[in-house]
Each structure stands twice: as structure tokens, then as C-alpha cells.
Amino acid sequence: MSRMHPFSHAGLLALAALCGFVLVGIISPGTWLLDTLTGLFAAGLLVMSLHLLIGYTGLISFGHAAYYASGGYIFGMVLQTPAFIAACGAWSVPLATLLAFCGTGLFALVVGSICARLSEIYFAFLTLAFQMLFVSIIQGLVEYTGGDQGLTGGIPRPAFLGLDLVQAQHRYAFSAFLFVVGVLAVRLITLSSFGASLRMVRDNERRAAFLGVNTYAVKVLAFTAAGSIASLGGVVLAVFTSAAYPEWASWSVSGEAIFMIMLGGLHSFWGPLVGVVVMRLINDVTLLYTTHTELAKGLAILFVVLVLKRGILDWLTDWRKARRATLSMKEQDHAAP
């Protein structure tokens with residue numbers, strides 16, 4: 001019996017995850033769990049898209065939050081335009097989401113085309129420079145973006161396909177759908193031949209170029225895809241808060257996303273999502289006893305770097321492999337005459 005194609009396996013896993021999330025929304029007795037998961041969905045899309053750059057392409061971006069915020073701002077600004085809602089009616093939210101995805105992708109394409117010409121620390125700091133420029137633009141275009149106050153006054157969210165995003169359960173279901181689609185997109189990219197090219201560039205860019213890979217184009221496409229997927233996280237957050245704020249694009253948000261990837265595991269596909277959950281647990285548990293959440297996060301990062309010396313999921317994977325090897329050696333010793 002032939003094994004299932006990786007794409008089919010990823011699609012079925014995504015469908016099962018979406019059904020599970022929807023079931024949680026149906027049986028949940030209140031809104032606390034739904035709101036918590038919605039926040040995790042937004043953060044999860046940010047870190048998974050950044051993981052496509054850091055973990056698979058070897059590009060460290062300090063300004064990735066700009067594309068996260070771009071999705072939220074484009075989504076909110078479009079829906080705050082009465083003419084758009086009048087023209088699109090019930091399809092306003094899906095079309096606004098598509099515009100946020102494509103508009104942010106175009107933004108990432110322009111930035112990536114410039115940044116991909118550099119490497120290592122120069123690439124990282126150039127992405128930070130564009131992030132600062134984006135924040136300045138947001139704060140300067142007060143008439144359109146609200147400046148420092150953000151997009152206030154609420155974002156209209158007309159009902160579509162039976163979903164009323166004003167209701168917590170419907171809002172959660174829409175957010176779960178975007179999360180699953182975004183993570184599935186990252187998964188399919190990593191499983192594709194393009195994903196193999198990304199890993200070649202990460203491991204040895206010079207050798208990849210010698211083998212005929214257009215490394216510049218690969219990095220630009222990866223940057224564009226990562227920015228587009230990050231925008232879906234901004235859409236989720238904009239739907240949840242009915243607003244958009246310049247703080248979403250700050251360098252600290254990008255830094256925290258990098259911390260989450262390091263915390264969960266850089267060399268595992270699911271590691272960043274583990275980092276998101278652990279970081280949220282650290283934050284919530286710490287707030288039960290003190291307000292020093294940054295201290296707790298710092299200690300967690302120190303533990304991972306100095307004690308585990310790799311992310312949590314990476315450590316668990318290595319421990320499991322070592323345990324299997326030990327058990328296999330014991331079985332061979334017992335079987336030997």
C-alpha cells in the first residue's frame with residue numbers, strides 16, 4: 001500500500017484541525033477560551049510566517065511585525081470606507097481580507113527585493129529600517145490611519161455566509177479558518193520543491209547558486225510569502241479588537257516573535273507554535289502573582305539557551321531519539337548470545 005502524498009496528509013491534518021477548533025467553539029461555555037485561542041491564532045500566524053524566513057531560509061527579520069500590522073490596517077481601512085461596503089455588500093469582509101493579503105504581499109515584495117541583496121546582519125537591520133519607516137508612515141498619515149491613536153471608532157464587519165463577526169463564536173470560527181489556512185500554506189511551501197530550495201539557500205547559499213538555484217529570487221519569494229501570511233494574523237487581530245494600532249508594527253513585536261521561535265524550537269515545523277503557547281502560559285501564570293512578566297520571559301529564554309541549548313520541541317525530539325537509540329542498543333545486547 002503506497003503512502004499518502006505529503007500534500008494530502010497536510011490537507012487532511014488541516015481539515016481535522018479546523019473541525020476540532022470549530023467543535024471547541026460549539027461546546028465552549030463562555031468566551032474566555034475563544035478569545036484566548038483567537039489571540040493565539042494571531043500570534044501563531046506571525047511566528048509561523050517568520051519561521052519560514054528564519055528556520056527554512058536562514059534570514060533573520062527584525063521588522064516582520066510591519067507585515068502583521070499592514071494586514072490589520074489594510075483590512076480596517078478598507079472596511080471603514082462606506083463606498084467599499086456599499087459596493088461589495090455581504091462579501092466586504094472576504095474581499096477586505098483578500099486585499100490585506102495581496103496588498104501586504106506587494107509591500108513585502110518591494111521590501112524583499114531590496115533587502116535580499118544583502119545578507120546576515122545587514123539584511124536583518126535593513127528589515128528593521130523598513131519597519132521603522134512603516135511605523136513613521138502610520139503615525140504621519142493621521143487622516144487615514146488615526147496616527148498614534150490607531151484605527152479607532154470600530155471596524156464594520158458585515159455578515160457573510162451566515163457568519164456575524166460581532167458574535168464571539170462566529171468571530172472565533174473565522175479566525176480559526178484563517179489560522180489553519182495560513183499554517184497550511186507554510187506547511188505546503190516547506191514540503192514543496194521550493195521549500196527544498198529554501199533549505200539549500202539556508203545551508204549553503206554559494207553551493208545552491210552553483211547548482212543553478214537563483215538564490216536572490218528564492219529569498220524574495222520567501223520574503224513575500226512570509227509577509228503575506230503574516231498579514232492574516234493582523235486581520236485576525238483587527239477582527240478581534242475591531243481596531244488597528246501602530247504598536248502592532250513595533251520592533252518589540254518582531255523581537256517577541258523571534259523569542260517564541262527560539263523558545264519552541266527552531267529546527268521543528270511545529271516548534272514556533274509551541275513557543276506561542278508557552279509564552280502565553282508564562283505571561284498568564286506570572287500575572288497571577290506579579291506584574292514582572294518580562295522578567296519571567298527573560299528567565300525562560302535563559303533556561304532554554306543555557307540549559308536546554310535548543311528549543312523545547314527540539315530538545316524533546318533529540319531526547320526521544322536518544323531514548324530510542326538506548327533502548328535499541330539494550331535490545332541488541334539482550335539478543336546477543
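Note that the structure is a prediction, hence the values are computed from the model and not measured. FYI, the numbering just counts along the sequence from 1.
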Q: Looking at Ala249, is its backbone amide N or carbonyl O close enough to the side chain of Gln131 to form a donor-acceptor pair, meaning the two atoms are under 3.5 Å apart?
A: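 Present.
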Q: Roughly how far apart are Leu37 CG and Thr31 OG1, rounded to 0.5 Å?
A: 11.5 Å
Q: Enter the distance from Ser250:OG to Tyr68:OH here, rounded to the nearest 0.5 Å.
A: 10.5 Å
Q: List the atom of Ser197, the atom of Val213, and the distance in Å for their closest heavy-atom pair.
A: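 Scanning both residues, the minimum pair turns out to be CB-CG1, 4.5 Å.
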Q: In Å and rounded to the nearest 0.5 Å, what is the CD1 to CG distance from Ile137 to Leu133?
A: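 Atom-to-atom, Ile137:CD1 and Leu133:CG are 4.0 Å apart.
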Q: Hey, does the side chain of Thr57 reach the backbone of Lys219 with a donor-acceptor pair shorter than 3.5 angstrom?
A: no
Q: Evaluate the criterion side-chain contact (heavy atoms from CB on, under 4.5 Å) for residue pair Arg171 and Asp35; output intermediate values, then yes/no.
A: CA-CA 9 Å; Arg171 183 171 60 240; Asp35 291 346; 4.0 Å; yes
Q: Drop me the distance from Thr127's OG1 to Leu118's CG, to the nearest 0.5 angstrom.
A: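 Reported to 0.5 Å precision, the distance equals 10.5 Å.
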Q: Could you check Ile282 against Thr293 for side-chain contact (heavy atoms from CB on, under 4.5 Å), going step by step and ending with a plain yes or no?
A: CA-CA 8 Å; Ile282 292 173; Thr293 56; over 6 Å; no
Q: Could you pull out the closest heavy-atom pair between Tyr144 and Leu151, with the gap in Å?
A: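 Here Tyr144 and Leu151 meet closest at O-CD2, 3.5 Å.
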Q: Test your reading of the model: is there a side-chain donor-acceptor pair from Asp164 to the backbone of Gln167, 3.5 Å cut-off?
A: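 Pair absent, no side-chain N/O of Asp164 close to backbone of Gln167.
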Q: Give the ring-plane orientation class for Tyr245 versus Trp248, where under 30° counts as parallel, over 60° as perpendicular and anything between as tilted.
A: perpendicular
Q: Quick one: do Leu59 and Leu266 end up in the same hydrophobic cluster if we chain Ile, Leu, Val, Met, Phe, Trp and Tyr together by side-chain heavy atoms under 4.5 Å apart?
A: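 Same cluster: Leu59 reaches Leu266 through Ile, Leu, Val, Met, Phe, Trp or Tyr contacts under 4.5 Å.
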Q: Given Phe21, which partner from the list Phe177, Phe174, Phe41 fulfils the ring-ring contact (aromatic ring centres under 6.0 Å, His included) test?
A: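 Of Phe177, Phe174, Phe41, ring-ring contact (aromatic ring centres under 6.0 Å, His included) with Phe21 is met by Phe41 alone.
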Q: Look at the side-chain heavy atoms of Ile, Leu, Val, Met, Phe, Trp and Tyr, link any pair under 4.5 Å apart, and say whether Leu109 and Ile74 land in one connected group.
A: no
Q: Any side-chain heavy-atom pair from Val218 and Asn214 closer than 4.5 angstrom?
A: no
Q: If every non-hydrogen atom of Ile138 is compared with every non-hydrogen atom of Tyr73, which pair is closest and at what distance?
A: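 That closest heavy-atom pairing would be CG2-OH, 3.4 Å.
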Q: CG/Leu50 to CD1/Ile261 distance, rounded to the nearest 0.5 angstrom?
A: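 Here the interatomic distance stands at 4.0 Å.
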Q: Any side-chain to backbone donor/acceptor pair from Gln139 onto Asp148? Under 3.5 Å, distance only.
A: no
Q: Between Tyr67 and Phe223, does the ring-ring contact (aromatic ring centres under 6.0 Å, His included) criterion hold? Intermediate values first, please.
A: CA-CA 10 Å; Tyr67 314 104; Phe223 199 94; 5.6 Å; yes
Q: For the residue pair Pro6 and Leu191, what are the closest heavy atoms and their distance?
A: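 Taking Pro6 first and Leu191 second, the nearest heavy atoms are O-CD1, 3.8 Å.
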Q: Could you please spell out the steps behind the side-chain contact (heavy atoms from CB on, under 4.5 Å) verdict for Phe75 and Val239?
A: CA-CA 9 Å; Phe75 179 82; Val239 168; 3.6 Å; yes
Q: Identify the heavy atoms of Ser92 and Phe84 that sit nearest to each other, and give their distance.
A: O-CE2, 3.5 Å
Q: Nearest 0.5 Å, please: how far is CG in Leu273 from NE2 in His51?
A: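 Going from the NE2 atom of His51 to the CG atom of Leu273 covers 9.0 Å.
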Q: Is there a side-chain contact between Leu198 and Leu221 (heavy atoms, below 4.5 Å)?
A: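 When only atoms from C-beta onward are counted, Leu221 and Leu198 do not touch, as no gap falls below 4.5 Å.
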Q: Between Asp203 and Arg199, is there a side-chain N and carboxylate O pair less than 4.0 Å apart?
A: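 No.
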Q: Side chains of Leu53 and Ile60: closer than 4.5 Å at any heavy-atom pair?
A: no
Q: Just do the side-chain contact (heavy atoms from CB on, under 4.5 Å) check on Ile229 and Met48 with the steps written out, would you?
A: CA-CA 8 Å; Ile229 295 169; Met48 288 303 290; 5.9 Å; no
Q: Does Ser49 use its side chain to pair, donor to acceptor, with the backbone of Leu46 at less than 3.5 Å?
A: yes
Q: Please check: side-chain N/O of Tyr56 versus main-chain N/O of Arg202, any donor-acceptor pairing under 3.5 Å?
A: no
Q: Taking the side chain as C-beta and beyond, is there a heavy-atom pair between Ile189 and Phe194 under 4.5 Å?
A: yes
Q: Is Leu184 linked to Leu12 within one hydrophobic cluster, defined over Ile, Leu, Val, Met, Phe, Trp and Tyr using a side-chain heavy-atom separation of less than 4.5 Å?
A: no
Q: In this structure, which one of Tyr122, Phe125, Trp251 forms a ring-ring contact (aromatic ring centres under 6.0 Å, His included) with Phe62?
A: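 Checked Tyr122, Phe125, Trp251 against Phe62; only one passes ring-ring contact (aromatic ring centres under 6.0 Å, His included): Phe125.
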Q: Is it the case that atom CZ in Phe259 sees more than 12 heavy atoms from other parts of the structure closer than 6.0 Å?
A: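 Atom CZ in Phe259 is not packed in, count stays at 12 or less.
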Q: With no hydrogens and no angle check, is any side-chain donor or acceptor of Asp314 less than 3.5 Å from a backbone partner on His267?
A: yes
Q: Within the distance-only criterion (no hydrogens, no angle test), does the side chain of Thr215 pair as donor or acceptor with the backbone N or O of Glu205 below 3.5 angstrom?
A: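 No, the answer is negative, given that no donor and acceptor are paired below the 3.5 Å cut-off.
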Q: What residue pairs, at least two apart or across chains, pass salt bridge (Lys or Arg N to Asp or Glu O under 4.0 Å) with a residue in residues 237-266?
A: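 Qualifying pairs, neighbours excluded: Glu256-Lys297.
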Q: Would Val24 end up clustered with Leu45 when hydrophobic side chains under 4.5 Å apart are linked, directly or stepwise?
A: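 Yes; tracing contacts between hydrophobic side chains, which count when under 4.5 Å, links both residues.
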Q: Work out which heavy atom in Ser228 is nearest to a heavy atom in Gly105; give both atom names and the distance.
A: OG-CA, 3.0 Å
Q: Can any side-chain N or O of His64 pair as donor or acceptor with the backbone N or O of Ala257 at less than 3.5 Å?
A: no
Q: Centroid-to-centroid, Phe240 to Tyr172, below 6.0 Å?
A: no
Q: What about Leu161 and Val166, same hydrophobic cluster or not, with Ile/Leu/Val/Met/Phe/Trp/Tyr joined at side-chain heavy-atom distances under 4.5 Å?
A: no
Q: Side-chain contact test, heavy atoms from C-beta onward, threshold under 4.5 Å: evaluate it for Leu288 versus Asp284 and give yes or no.
A: no
Q: How about Met132 and Leu128: do any of their side-chain heavy atoms sit closer than 4.5 Å?
A: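 In contact.
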Q: Decide yes or no for Cys102 and Leu98: does some side-chain heavy atom of the first lie under 4.5 Å from some side-chain heavy atom of the second?
A: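 When only atoms from C-beta onward are counted, Leu98 and Cys102 do touch, with a gap below 4.5 Å.
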Q: Using only atom types and a distance under 3.5 Å, with no angle test, would you say the side chain of Arg310 pairs donor to acceptor with the backbone of Gly265?
A: no
Q: For a 4.5 angstrom cut-off between non-hydrogen side-chain atoms, does Ile54 reach Ser61?
A: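 They are not in contact (no side-chain heavy atoms under 4.5 Å apart), so the answer is no.
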